[in-house]
Each structure stands twice: as C-alpha cells, then as structure tokens.
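Quick note: numbers below take in every heavy atom, side chains included, and nothing from hydrogens, waters or symmetry partners. Ligands are counted one by one from 1 in listed order, and the atoms in each one are counted from 1 as well.
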Amino acid sequence: MGTIIGAGASMLREDDVSTIGSGAEATTADVDFDVVVVGAGFAGMYLLHRLRGLGLSARVIEAGADVGGTWYWNRYPGARCDIQSVDYSYSFDPELDETWKWTEKYAPQPEILRYAQHVADKHDLRRDIQFSTRVESAVWDESTSRWQLRTSDGRTITSRFYVMATGCLSMPKEVDIAGTDRFAGEVYFTSRWPHEGVDLSGKRVGVIGTGSSAIQSIPIMAAEAAQLTVFQRTPNFSMPANNGPIPQEKLDALAKGRPQYREAARWSGAGVTVEISTTSALAVSEEERLAKYEDVWEHGGIIQAINSYMDNLVNPAANELLCEFVRNKIRATVNDPETAEALCPKTFPIGTKRLCVDTGYYETFNRPNVRLVDLREHPIASITETGVDLVDESLEFDVIVFATGFDAMTGAIVGVDITGRDGLTLKQAWSEGPKTYLGLMAAGFPNLFMITGPGSPSVLSNMMVSIEQHVDWIADCIDQLRADGLSTIEPTPAAVDGWVQHVNDYANITLMPQANSWYMGANVPGKPRVFLPYAGGVDRYRTICNEVVADDYLGFERRGPDGQRRNDGVVRRVQPDVQLMLEAMAGMNLPTMDSMSAAEAREFSNAIAAQRAPGPDVGEIVDGVLPGAAGDLTYRLYRPASPGPHPIVVYFHGGGWVLGSHDSDDPLCRDLCVRSDAILVSVDYRHAPEARFPAAADDAFAATQWIAENAAALGGIPGDLAVAGWSAGGNLAAIVSQLARDAGGPRIVGQLLLTPVTDCDFSRASYTENADGYVLTTPLMHWFWNHYADPEDRTSPKASPIRAETLADLPPAMIVTCEFDPLRDEGAAYAEALAAAGVPVRHLPCRGQIHTSLPAVDMLLSGVPIRAEMAAAIRGFFTANVPA
Ligand code: FAD
Ligand code: NAP
C-alpha cells in the first residue's frame, strides 16, 4: 500500500495508474486525488458533492477564505442577483429547494452568501475544501496520466482529473488608467469590497464605470457620500428591478410542482421559464408594442425584455425600437436633459451587453450631490494624488471606487499557468481566443474540464442551471470512464475547430458581435476579439451535450490500459439558422413532396410561398408577358431604385422543372436586384409533366432571346445579358448559356448558377451523404427527373449541361453549391469542368447550407454574406465587359 496523505486523499496503491476511484500511486506530490477542483463557488461546491457521491477522492482549492465565489467577493453596497432568486438557486437537492426561503425577488449578496454557506454546512463540504490557497500552475504528466498542481502555499498536488470551477466573472480586470497607484485616498474595487464594509459618509467619492456593479451600487453610495461623481465611458441599458416579495405568479408556478418547474428551466433558452415571443417587433402596431414593453418594464426582468419580441437580438430595426423605449424612460426620469442624453446608450444594440437591473439608478442623477462625467466628452488624463485629472478639469476625491469589471470567461482559467500534452500551454493554445469543445474541454489538455467555460451558454443564461448541467455532465463522464476502464479523455482538434466554428456561426446570426462588450473580450486591452459564450441557448446546448454522450462521446478520444477509443467528428455542421428552420419544419410533420401528385406539390409549394415575408423593396416591379417557344410566358421584372438604364439578368426559378413560380423565388430576386443594382427578369417556363423535356429549356432560351431584343424597352442596357437561376433554374441558365454560344447570340456575359442541376447521374457522393433530412432529398430528385425527362433524354446536354460536347467559350460563371445538398457534387463538377475548358469560373461552396438556403432570403441570416457574393458576381459580369 502507498501512503495515505492528507485528509480526503484516496487510499492509493503505487502500482495503479490506470483506473479511477480505486486510487493511484502517491507521487512526489504532497497529496493525490482522483479529482482536484479549483474554486468553491456554486460550481465547485456542487461538483464536490457529486464527486463524493461517486466515491471519488476530491479536493477543492479556493483562493477565498470561504465558499460562495462571486458572492464571497462582490460585497459592494447594493449587490444582488439579476435573475430571480427562486430561479437563481440550486435544484439538485429537493430538500434544500423546498426548505430555503428567499426573502426577496432578487436576494441581496449577504443572503446569497448565507445560502452558499448553508449548502456547505448541510452537505459538510468544507472538510474537502482548502481555503485561502491559490492554484498557480498545472502541468500534465504524460508518464502517470495525472495533473501536477502547484499551489500558493508551495505544495504540489496531483490528480487524475483537474476541473476549473474558477468562474466566468472572478478575475478583476487590471486597472488601465494612468496614475492609479499615485492616489493617496481610499481605493476600492466593487469586485473585492472589504468584508467590514466602507464608511462613505461625508466623503467625496468618485466611481469609475457604469456596468451592472456600478449601477447597483451608485444609488446607495450616493445616499451616503457627501458628493458622488460617476465617470461614465459607455452608458449602459438598465431596467428597474421592481424588487420586493417573490411575485405571486412565481409562487403559483412553484406550487404546481417544483420538480417540473426546475425541469422546464433546464430545457428553456436561458435557464429561466419565460414566455418566448414568436412575433416580430416590426409586425405589430406601435400601441401594442409599447404596451408590451411597458409590461416588461413594470413586471419583467432582463430575460423577458430580450424575449419580448422574437427579433430583438437579430434585427437592428427591431432592436432599435426597444433601445428607444429605454432611452425615453431615461429621458423621462432624469431632470437635466443634458445628463439624460449622456446616460442614453447609443453605440450598441440593447441586449448585446448584459442588461443591467437597478433600483433607482437613473433617479440618482436628480440628486444635488451627484454628478455625471461623460468620459467621451471629457476623457481622464490621469489619476493624481488627490483625485482625477480630466483633460479639461481637475477633480478631488477622498475615495475612488473602481467598478471596472472583469477579464471575463478566460481570465481566471489562463490565470493559472496550465501546460498540457507536449508542453503546450493553454495561453499558447488560446492566443487567438479560446478554443474549446462544448466549453468543457480543450484539445491537448487531457482530463482538464472547465465549468461554464468559453463556448458554453454560461453568462448568457441563469448560471445556476448552466453550472448544474456542466457539473452533471463532467461527473457522469468521469463515472463512465471509470466504468469503461478508461483513464483519459480529451477532445479531438477537429471537434474543437467544429465547435468554435459553430459558436461563431451562432454569434454571427445575432447582433451580439456588434458591441464592445466583455462577451467579445473587448473590455480588456489586447484580448482577442472573439464572442466567448454560446448563443444557441441552454436547451439546444443541453441537447447537443446529451447527443455527444449518446453518440459514444462524439469528438472525444479516450484512452486506457487496453488502448484508445477515438470517435472523431463534428457535432453541429449545419448553420444554426438552417438548423432552426429544419427543426421548425420537422415540427410541422409536413408530407414529402415525392408522395404527392404534381398538382398537389404545386399547391403545397404555392401555399408555402404565400406565407413568406417579402424580400427587400425594389424600385419597381412589373409583371408582363413574352413569347416563349410554344406560346406566351409570364415574366416579372424587378427594377432597382437607382436611375437606369441598368444591366439585365434573366432569372429562372427553381422547382425541379415541375413547380415554382415568380412568387417562390420573389424574395431572392428582390434581394439580388437591390444588391447588384441590376434589373432581374424572372421568367416562367412550361412545367412538367404537362410539358416535358425540352420544353423548359426551349422556353428559357426563347425568353432570353426576346429579352435581349427588348432590353432597351425594358429599361435595360442593350447588348449584354447575364443569366441566373436556382436549382432547376440553374440548370436552365447553364443550358441557355450553351445554346446562346452555339447560336451565336444573344451575348451572355455571365452565368450565376445557384445549386444547379447539371447532370442526371445519381452516383456522386452528395446524393448518398445528403440523401435525406435537408429538404431536397434524393427521392425527390428522382421524382423531378421522372416528371421531366425520359431516361434516354436525360443525358442530352439540354438536360444535363455537363455532358455538352465542349464547355469552351462559355460565359464566365459563378457556381454556388451547398454542403448539405444532394446536388452539391454535380455543381462542383460543373465548376471544375468549366475551368478545365478555360472558362473563368468561381465556385463558392457554402459551409453548413442546404439546397433551399439560397432563396430563403427572408429566413436565413447566415445566407447574407453568400447573397452579397452572388450580387458582387453579377456586378462583376457586367463591369468586366465594359468596353475599354
Ligand atoms: P465563482 O462564483 O466566480 O467562483 C469561482 C471561485 O474560484 C472564486 O471564489 C475564486 O476565488 C476561485 N478561483 C479562481 N481562480 C482560482 C485559483 N487559481 N485558485 C484558487 N481559487 C481560484 N449570474 C446569474 O446567473 N445571475 C445573477 O444574478 C448573477 N449576478 C452576478 C453578480 C455579480 C456581482 C457577479 C460578478 C456575477 C454575477 N453572476 C450572476 C455570475 C456569477 O458569477 C455566477 O452566477 C456564479 O456565481 C458563478 O459561480 P462559479 O462557481 O462558476 O464561479
Ligand atoms: P462591466 O459590465 O464590465 O462594467 C465595467 C464598467 O467599467 C464599464 O462601464 C466600463 O466602461 C468601465 N470601465 C472599464 N475600464 C474603464 C476605464 N479604463 N475607464 C473608464 N471606464 C472603464 O463590469 P461589472 O459592472 O462588474 O459587471 C460585469 C458582469 O457581472 C455583468 O455584466 C453581469 O453579468 C455580472 N454582474 C451582475 C450583477 C447583477 O445585477 N446581478 C451585478 C454586477 C455584475 P466601457 O463599457 O466603456 O468599457
């Protein structure tokens, strides 16, 4: 037997380095544990409880002198939670949940700290927590598969697993104002407020910062101090706490069943059950909108405010309406118009920085002893021995309070010198921003877990819910490794890259990246500008984490004495808004089109088109008729608002030659018209099965000829045309380009082929990989071809343009393909074939998109950059052909 060292150490056998729970050898370390946890906030406390329950030896190391984390350190006057206390509390212990009574809707810091202490007492946690000790470094020892930690008391601790429960908002931001150390008066940080409190009475106090901490403390400090000066660099949005007793509707909801209430929170978007609007702020009357805002202002909280309309965080126009509502509240509250205006945030969308919750913040600026200094107008030159020198004024203080925030989400993690496999440090690995898998682990750092790490919903949620979810996931993972006889786990680089991409993709469909927020790392000079939390929501995130486990730890490599289990892969590859669209469609249980007759499918497709929001406004829309190959065809012309004449693009809608109309592709045509500043003429053509091959191709060519001949009359620039089309329309645009070349006209200067059908061959990989689940299915493609062309006709270049005798001398092309589209590979093949034939071609493969993404102008924000490139290509077709 090895030596048993220290309280809480497991009984360690020297020969055992591969199993968990049964112990491991005592190394040169002072003590060895199955798991070391850094931090005794709510995360570390619950994790300790879970680990004990699994029979694992665990030690928590905490820099503070007691439990509570955030609520141990942040003792500034007015500190309280901004999520209602009945929600912002543990759910893992039903007895605790039933018996602990919160005194207020938003409990103050001392009460939350007492709660943490009560939990520690109830579960006898402190005996495994080493307080007043900081973990300084952690090094992975490959030979023993253990972490070696150095602590501030000079000791070494080893452990199989190492968990950073170090908090997202625990590392105060370093002061970045010149002269701070010269000030001779009292200096306090809200994040490190003295335990004994501070007497501000009769003192001249300056507060730097106007984030949540400042906004909570300013009203109380103002009531006590002789004078209070608030230094504001960026005004923040704050809403009233309306604090008081726990609201009756909360009590009613809890009375209906606490476990169900808690479970609903776990599966909600932000970890709190609130009503989620499915209405656009732009779709209701001003009266209705203001009534909703007022209701949230009076009775709601920050999560209700953000969710008051579905597009608050994605549509700048919708967001601005809520911004202006809050600004008007500020203007109505603050007596001095100049001060009121200075307090109005105007530089970022509401909700893209955490919304503040206050009690009397704006009213405080009506007090005679309070002054607001707008640092944008009067920047700080330096802090001096006696106060603060602005560029144009010197101010004297007895006390300066820094409410300047935190090095959020990564600060406390990289604050420990962590070295993983092969000498890689976490600081190096994260030099361009944090790279995690699920916000839980990083590649190259085996057995190192983070609780609410970057890349998880964490700070965008009720953190109690997110903390409990992570703790449970980690504890279950360690337990499973033990059960499987495995000793290490780490994510694969591909899984990490995929997750980082997904986190960015989510952020990019919101307005979040627009703010200089701590979510973006923008508050700390030199920190990489990366969106740190996961914006996909607690519910979706929980589903993903569960899926990873159910899929045999997808994206992880696990090792043990018997070898390794590597299940490489990326858990989410579809663009987040596409995923939402797919989920919404799945929820509707729609019939598949290939189970319908052509007439039914058309009716179905028309009904969907009728429900869609229109695309952007264009200058003019004209419906007309032109001669096709066998009778009249309708067209719809989209004219830009700018003065003409404009270049003309002939556009063919999608729909597998069977369905589709001007309406189905209307939003896309509008969007392309606006973005490219060209006329789009969307041409209808005869549909199969009534008019089979080659009717559509013949109509498309006839229409193009007529438009070329009538370009001037249509308001276009005669001479040059471009063609464009989506799906089967892309097929027609490609064929028209070939027919025009072969016929010696009309002159076509460019072809924009959007996820085109180019071949009748179903053997390409994308037909198998994307056969089902992404709207356009392989069976549906068979259905389309069967309606359109006999098998012997399908190989004709008039059906399969890739089969043309030669592709030389065709117009320059842009071909857009989507990753999750059965047609992906034939589009790519056409691009390659054109390039091989010497045709200038740009292939734009769209990551995470599906066949129907491109026309979904009204639904998909992730398509915006793609549509911008499509429009740029159209402009390029014409400018490249301007005579020298
Ligand atoms: P923390 O509570 O931050 O605990 C981490 C602990 O790790 C700290 O005690 C720290 O001392 C310790 N530590 C860090 N590094 C080391 C090291 N190297 N060695 C030893 N110990 C270390 N969230 C909400 O959801 N709702 C709210 O209302 C809310 N209000 C907040 C109010 C304030 C003032 C602040 C700052 C944050 C608030 N938050 C809120 C976020 C809050 O941080 C979390 O809700 C939660 O308390 C975090 O718990 P934690 O255990 O993960 O981290
Ligand atoms: P914060 O939101 O980052 O605010 C810091 C403030 O200091 C900002 O106004 C910032 O201005 C200002 N500042 C920083 N450096 C400055 C400088 N050099 N010169 C002038 N001003 C400077 O920090 P926080 O208020 O501590 O809040 C952090 C987070 O903790 C919150 O977002 C919230 O999640 C949590 N919190 C919650 C509550 C609650 O209500 N429960 C209370 C406190 C904190 P700029 O904006 O211009 O950078």
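Interface atoms of ligand 1 facing Asn462, defined by a heavy-atom separation under 4.0 Å, are 25 (O). Ligand 1 places these atoms under 4.0 Å from at least one heavy atom of Ser461: 25 (O). Residue-ligand proximity, Lys353 to ligand 2, at heavy-atom distances under 4.0 Å covers atoms 46 (O). Of all atoms in ligand 1, listed by their number and element, those nearer than 4.0 Å to a heavy atom of Gly39 are 6 (C), 7 (O), 12 (C). Annotation for ligand 1: atoms under 4.0 Å from non-hydrogen atoms of Thr133 are 20 (C). With ligand atoms numbered from 1 in the order given, ligand 1 contributes 3 (O) to contacts under 4.0 Å with heavy atoms of Ser170. The contact set between ligand 1 and Val416, taken as ligand atoms under 4.0 Å from a residue heavy atom, comprises 18 (N). Close approach to Ile208 involves these atoms of ligand 2, each under 4.0 Å from a residue heavy atom: 20 (C), 21 (N). Applying the 4.0 Å criterion to heavy atoms of Ile467 picks out, from ligand 1, the atoms 48 (C), 49 (O), 52 (O).
Counting heavy atoms closer than 4.0 Å to ligand 2, residue Ala79 contributes nothing at all. Residue contacts with ligand 1 for Val459 are absent, since no atom lies close enough (heavy atoms, distance under 4.0 Å). Residue-level proximity to ligand 2 for Thr404 is carried by backbone and side chain together, each with a heavy atom below 4.0 angstrom. Of all the heavy atoms of Ile177, the ones lying under 4.0 Å from any atom of ligand 2 belong exclusively to the side chain. At a 4.0 Å heavy-atom cut-off, ligand 2 touches Ser213 through backbone and side chain alike. At a 4.0 Å heavy-atom cut-off, ligand 1 does not touch Trp193 at all. The part of Leu375 lying near ligand 2 is the side chain, judged by heavy-atom distances below 4.0 Å.
Judged by a 6.0 Å distance limit and a 45° cone about the ring axis, Arg542 is positioned over the six-membered ring of Trp267. By the 6.0 Å and 45° rule, Lys353 stacks over the aromatic ring of Phe348. Cation-pi geometry between Arg75 and Tyr72 is met: the NZ or CZ atom falls under 6.0 Å from the ring centre, inside 45° of the normal.
Every heavy atom of Tyr72 sits 4.0 Å or more from the atoms of ligand 1. Using a 4.0 Å cutoff on heavy atoms, Ile451 does not count as a contact of ligand 1. Within the 4.0 Å heavy-atom shell around ligand 1 one finds Ala165. Not a single heavy atom of Phe231 sits closer than 4.0 Å to an atom of ligand 2. The closest approach between any non-hydrogen atom of Tyr106 and ligand 1 is not below 4.0 Å. Ligand 2 lies out of reach of Val459, whose nearest heavy atom is not under 4.0 Å from it.
No hydrogens or angles considered: nothing links the side chains of Ser466 and Gln469 as a donor-acceptor pair under 3.5 Å. With no hydrogens or angles considered, a side-chain donor-acceptor pair links Gln117 and Asp66 at under 3.5 Å.
Salt bridge annotation for Glu111-Arg80: absent, with no cationic side-chain nitrogen under 4.0 angstrom from a carboxylate oxygen. With salt bridges taken as basic N to acidic carboxylate O contacts below 4.0 Å, none links Glu468 and Arg262. For Asp539 and Arg266, the salt-bridge test fails: no basic side-chain N is under 4.0 Å from an acidic carboxylate O.
In this structure, the protein non-hydrogen atom closest to atom 41 (C) of ligand 1 is Met463 SD, 3.8 Å. In this structure, the protein non-hydrogen atom closest to atom 23 (N) of ligand 1 is Tyr88 CE1, 3.7 Å. In terms of protein heavy-atom proximity, atom 4 (O) of ligand 1 is closest to Gly69 CA, 3.5 Å.
In this structure, of Cys168, Ala403, Ala178, Gly405, the residue bringing a heavy atom nearest to atom 23 (O) of ligand 2 is Gly405.
Ligand 2 has no N or O atom lying under 3.5 Å from any N or O atom of Asn523, backbone or side chain. The shortest N or O to N or O distance between Asn236 and ligand 2 is not below 3.5 Å. By the 3.5 Å distance cut-off applied to N or O atoms, Ala214 is not counted among the residues near ligand 2. Residue Lys173 places at least one N or O, backbone or side chain, under 3.5 Å from an N or O of ligand 2. Taking only nitrogen or oxygen atoms, main chain and side chain alike, Tyr76 does not reach within less than 3.5 Å of ligand 2.
To the nearest 0.5 Å, the span separating OG on Ser238 from CG on Asp358 amounts to 3.5 Å.
The only member of Phe189, Phe231, Phe183 that meets ring-ring contact (aromatic ring centres under 6.0 Å, His included) when paired with Phe402 is Phe189.
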Next on the checklist: Quick one, Lys122 with Asp93, criterion salt bridge (charged side-chain N to carboxylate O under 4.0 Å, His left out). Give me CA distance, side-chain angles, the key distance, then yes/no.
Outcome noted: CA-CA 10 Å; Lys122 182 170 189 282; Asp93 176 351; 2.6 Å; yes

Next on the checklist: With ring-ring contact (aromatic ring centres under 6.0 Å, His included) as the criterion, how do Tyr76 and Trp193 come out once you've worked through the C-alpha distance, each side chain's angles and the decisive distance to 0.1 Å?
Outcome noted: CA-CA 5 Å; Tyr76 58 85; Trp193 202 256; 7.2 Å; no

